[in-house]
Amino acid sequence: MTDLPLSGVKIVDFCWIGAGSYTTKLLADLGADVIKVESTRSLDSLRLASPYAGGIRGVNRSGYFADRNSSKRSITINMKEPRGVAIVHRLIRDCDIVANNFRPGTMEKLGVGYETLRHINPGLIFIGMSMNGDEGPDRTMLGYGITIAALTGFLGLSGYPDREPTGTGTNYPDHVPNPCHGAFAIMCALRHKARTGAGQSIDMAQTEPMLSLMPIPVMEHGANGRTVGRTGNRLAGYAPRGVYPVRGEDRWIAISIASDTQWRALCAVLGGSDLGKVEWVEEAGRHAALDVIDRAIAARSADHDGYALMQALQDRGVPAGVVQNAADLVDHDPQLKHRGHWRYLPHSEMGNSLYNGPPFQFASGPIGPRFAAPLLGEHTVEILTERAGLSLSDIDDLTEQGVLV
Amino acid sequence: MSDPTALEGVRVLELSGLYGAYCGKLFADMGAKVTLFEPPSGSPMRAKPPFVGDRPGQDNSLAFAYFAANKQSLCADLATPQGQALLVQAAAEADLLILSDHPDAQAVDLGTLSAANPRLVCVRITPYGSDGPYGGYVGDDLTLMAMGGLLTMAGFPDCAPVVAYGEQGLLAADQFAAVAAFAALLRAERSGQGEVIDVSIQEAIVMALENAAQTYQLEGKVRQRTAGARRAGSGIFACKDGQIYLLAGGIGETAMWGNFARWMTAERCPGAQIFAAADWDDTAPGADEMFQSVFLPFAMGQTKDQLYQGGKTWGVPIAPMSTPGDLLGNRQLLYRDYFVPLPGDSRLGGTCVPGAPYKLSATPWALRTPAPALVPGTQDGKDATS
């Protein structure tokens, strides 16, 4: 039995909603002990975000919340009560990391700002993940994934050139860029702490990881004096590259051609004379006729079954993929099944419900969500007896007095 | 110069192609010594457009200049015994090996390299994972975004789905690979135990589906693309000098309509009081038209930045639809010194690129050296970076 990579790492987690909770979930799934500090007085609003188990609304029933909070324990503490703050300070005294994604200043108001906590725990790693960061004229701005997508230009650059931008249809920065960068930054600080004993603070503005993932627009502006625009599904280096209809209601296949060999293979699979023009044999000729080519491919692909066409193209080394929806992925995708991507974890209110496993596998053994998301305050007694030295009667009294709620 | 780095002493060997490079960059920028193992013809990313001055050339790719900065280059032909010997030697001295679509990836035997260096962490990134029914499939960003389920939610219902800007699916895999590899590296430093990690790009994209998988499992609903279906007060709106994105109602339980109504009232916008009323329903028929009749005349008299500042003052989520020029002049990003010039005296030296994605107080991010030159025939290209 080998240790999980982050076993022994202790996190006190004030994150809520999207990116923050996903960050600490990544660390929890890798073995860190994450205590989620919550309160019935001020709920993590993701607890009341659909979907709900059985379609029935409830603070312990959201599938969205569950997926973002696997492998964590939950404690309820009223941070408006000085005794609640004192208890949290006790938990923080021997933890490694305190995480939050509030606007700057909120943690200070709650009595858990970095300056206070570093005196309680000099080796502490403290991360704040607000929209615009701890400092600067726009630091107080309220942000969501979609407004971050707009501000960074990601939304404006995603879509067809002749229509309004469409983005991903989701709050993309919340789900990959910010959680992964947050987790990476925390691990940098953990390594520094392991080597020197020193803690530090991390200021991560949620706009900045997204911008770090799209360098070309600013570089084109600076180096070539050019303003890049939307290009739909097309991309330099490919001709053609698009999404084409296949048989069925609203079914599509994506095909990307990066070489003349792949083009010939596509023509052979789709058949017909309209694609076989001599002037399209080489990439330059195809570049000049992308609109016509896209229409010609669409006219042929529409008669094919998507998965059969994908297989035929893949057999010839052509990148092709069916546009899969959630039902395809959860019920049918044989590759995700092979890799055990979907995990069903038992939960006392939700039953066996669906979680993402990680997109990575470790040769040494299983990795991923260790247990289902916590009920609100499920671990209050366990954590406070184990980590804060409170007795059961103390806990009863403090609950009755509105401190542990 | 005297700042300590978080990853001092960490040695990374990167065998990448058109993806995998951002994984290495995350380590390099925090102080690891990252060596890009290039074939004699150079990394495929050196040939990736766009180029400075639109002229292809080994040192002219904008993407290569950004993703390979802070790295060193080691040029070797893995089809030869000498090249293999070089790889074995480099892997024996490395802490982490990143393997993605390097042109000679087939010639890299992770099992042998791991056996020779039991502390080594290897992370391998492939389109669908290294085995299984789709293990042999090829993929680029578009086809993987399709198979990973993100594409189906993007675009208008009346035409084909449309992929997000910037090959984000490939970059998603790089990011998850970095997280997994770093966790394994921390364990290796603690216990001496190495690891072999297998990353699927398709699966990295599945991580981005928001609540779509759970919505299907728990409520039986399949999320589709919905661009253009507007809830009043949410979406892209025109203003005096461009467009803004407004989320007047907020998300979920967070009520922002009161804040929005107070803002519009303060701006003497006629008719704004209805948005604060208890019976205001932003999904009701006609609500969108009512909203636009109040907001648009006001917005058309304001710049993106004025509207953004108004939202900041009144607690309403709103953001400019920024152009690259806007970003380079954004006061918040300027204050934080976010964009930094590429070092070096090449044609791209001095070009502004994205900087620190996070600010660590004791061990800051830093851009130190430009992307390395390709020096074929040399065993170690690091001298070429100076």
Side-chain angles (χ1 to χ4, degrees), chain A residues 5 30 45 48-49 51 63-64 136 138 141-142 147 150-151 153 156-158 166 168-170 175-176 180-181 183 185 187-188 192 200-201 203-204 208-209 211-215 217-219 221-223 236 243 254 256 314 319 321 323-327 329 334-335 338 354 359-361 363, chain B residues 6 49 52 62 66 132-134 137-138 140 142-143 146-147 149 152-155 160 164-166 172 175-176 179-180 182-183 187 196-199 203-204 208 210-212 214-219 222 227 245 252-253 312 317 319 321-322 324 332 335 351-352 354 357-359 361-363:
Chain A
L30 286 162
S45 56
L48 289 175
Y64 196 176
D138 294 338
M141 190 69 207
L142 177 69
T147 54
L151 183 104
L157 284 168
S158 299
T166 41
T168 53
T170 65
H175 308 310
V176 179
C180 287
H181 282 80
M187 287 190 281
C188 284
H192 185 66
Q200 59 179 313
S201 71
D203 169 18
M204 191 179 98
E208 293 175 357
L211 286 168
S212 290
L213 293 164
M214 37 189 303
V218 291
M219 292 179 77
H221 184 90
V243 177
S256 300
Q314 288 283 355
V323 177
Q324 301 201 95
N325 61 32
L329 294 169
Q335 185 67 13
H338 173 79
L354 181 76
F360 42 77
Q361 298 185 336
Chain B
V52 59
L62 304 189
Y66 175 71
Y134 298 161
Y137 274 24
V138 290
D140 74 324
L142 177 68
T143 55
M147 289 289 280
T152 193
M153 294 193 278
Y165 174 80
Q175 294 167 74
F176 280 108
V179 169
F182 200 170
R187 181 175 58 187
V196 178
I197 302 168
D198 187 40
V199 179
E203 238 177 322
E210 212 160 69
N211 62 0
Q214 287 75 26
T215 297
Y216 173 68
Q217 193 248 336
L218 296 174
E219 298 191 353
V222 176
Y245 190 94
E253 295 295 294
K312 186 175 78 179
M321 295 284 287
S322 305
Q332 176 72 8
Y335 182 93
T351 299
C352 278
Y358 21 64
K359 291 181 185 293
S361 60
T363 57

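Nothing here was measured: the structure is a model prediction, and the numbers come from that model. Residue numbers begin at 1 in each chain, while the letters A, B, ... track the order of the sequences.
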Worksheet item: Tell me, side chain or backbone of A/L142 under 4.5 Å from chain B's heavy atoms, or both, or neither?
Response: both

Discussion item. Using heavy-atom distances under 4.5 Å, tell me whether A/L151 contacts chain B through its side chain, its backbone, both, or neither.
Written reply: both

Worksheet item: Can you tell if the side chain of B/V179 reaches within under 4.5 Å of the side chain of A/M187, non-hydrogen atoms only?
Response: yes

Discussion item. Can you tell me which portion of B/V222 sits under 4.5 Å from chain A's heavy atoms? Options are side chain, backbone, both or neither.
Written reply: side chain

Discussion item. What I'd like to find out is whether the side chain of B/M153 reaches to under 4.5 Å of the side chain of A/T168, using heavy atoms alone.
Written reply: no

Worksheet, complete the sentence: chain A shares the most heavy-atom pairs under 4.5 Å, among B/G155, B/G149, B/A362, B/A212, with B/A362

Discussion item. With a 4.5 angstrom heavy-atom cut-off, is it the side chain or the backbone of B/P317 that approaches chain A, or both, or neither?
Written reply: both

Fill in: Test item: A/P217 and B/Y165 side chains (from C-beta on) under 4.5 Å apart, heavy atoms
yes

Item to complete: Provide the closest heavy-atom pair for A/M219 versus B/C352 in the form atom of the first, atom of the second, distance.
Response: CG-O, 3.8 Å

Discussion item. Is A/Q361 close to chain B through its backbone or its side chain, or both, or neither, when contacts mean heavy atoms under 4.5 Å?
Written reply: both

Discussion item. Taking every non-hydrogen pair under 4.5 Å, which of A/A327, A/P5, A/S158, A/C188 racks up the most with chain B?
Written reply: A/P5

Discussion item. If the condition is side-chain hydrogen bond (donor to acceptor under 3.5 Å, both in side chains), which residues does A/D138 pass it with, not counting sequence neighbours?
Written reply: B/Q309, B/K312, B/R331

Worksheet item: What is the minimum heavy-atom distance between B/P354 and A/S212, and which atoms define it?
Response: CB-CA, 3.7 Å

Worksheet item: Any idea which of B/V199, B/D198, B/I197 has the most non-hydrogen atom pairs under 4.5 angstrom with chain A?
Response: B/D198

Discussion item. Rounded to the nearest 0.5 Å, what separates atom CE in B/M321 from atom OG1 in A/T147?
Written reply: 11.5 Å

Fill in: Partners passing side-chain contact (heavy atoms from CB on, under 4.5 Å) against B/E210 (at least two apart in sequence or in another chain)
A/Y64, A/T170, A/N171, A/H175, B/R223

Worksheet, complete the sentence: One option among A/A254, A/G136, A/A185 has the most heavy-atom pairs under 4.5 Å with chain B, and it is A/G136

Discussion item. So for B/Y216, is it side chain, backbone, both, or neither that comes closer than 4.5 Å to the heavy atoms of chain A?
Written reply: side chain

Fill in: Which atom of A/G63 lies closest to which atom of B/Q214, heavy atoms considered
O-CG, 3.4 Å

Worksheet item: Between B/A204, B/A227, B/G166, which shows the greatest number of heavy-atom pairs under 4.5 Å with chain A?
Response: B/A204

Worksheet, complete the sentence: Pair count under 4.5 Å, heavy atoms only, with chain A: among B/Q175, B/Q217, B/Q332, highest is B/Q332

Fill in: Contact winner vs chain A - B/V196, B/D140, B/V52, heavy-atom pairs under 4.5 Å
B/D140

Discussion item. To the closest 0.5 Å, what do you measure between NE2 (A/H181) and OH (B/Y358)?
Written reply: 5.5 Å

Worksheet item: Rounded to the nearest 0.5 Å, what separation is found between the NZ atom of B/K359 and the CG atom of A/D203?
Response: 7.0 Å

Item to complete: Report the distance from atom CD of A/Q335 to atom OH of B/Y137, rounding to the nearest 0.5 Å.
Response: 9.0 Å

Worksheet item: In terms of heavy-atom pairs under 4.5 Å with chain A, which of B/P324, B/A319, B/A160, B/A180 leads?
Response: B/A160

Discussion item. Do B/T152 and A/Q324 pair up side chain to side chain, a donor and an acceptor below 3.5 Å, judged on atom types alone?
Written reply: no

Item to complete: Would you name the heavy atoms of B/A146 and A/G321 that are closest together and state the gap between them?
Response: CB-O, 3.7 Å

Discussion item. Among A/S256, A/G169, A/A236, which residue has the highest count of heavy-atom pairs closer than 4.5 Å to chain B?
Written reply: A/S256

Item to complete: Find out whether B/L142 and A/V243 are in side-chain contact, i.e. whether some heavy atom of one side chain is under 4.5 Å from a heavy atom of the other.
Response: yes

Worksheet item: Which answer fits B/T351, side chain, backbone, both or neither, if we ask what part of it has an atom under 4.5 Å from a heavy atom of chain A?
Response: side chain

Discussion item. I want to check something: taking the side chain as every heavy atom from C-beta on, are B/N211 and A/P51 in contact at a cut-off of under 4.5 Å?
Written reply: yes

Worksheet item: Who wins among A/G156, A/P215, A/A223 for the most heavy-atom pairs under 4.5 Å with chain B?
Response: A/P215

Discussion item. Below 4.5 Å, heavy-atom pairs only: which of A/P209, A/G222, A/G153, A/A183 has the largest tally toward chain B?
Written reply: A/P209

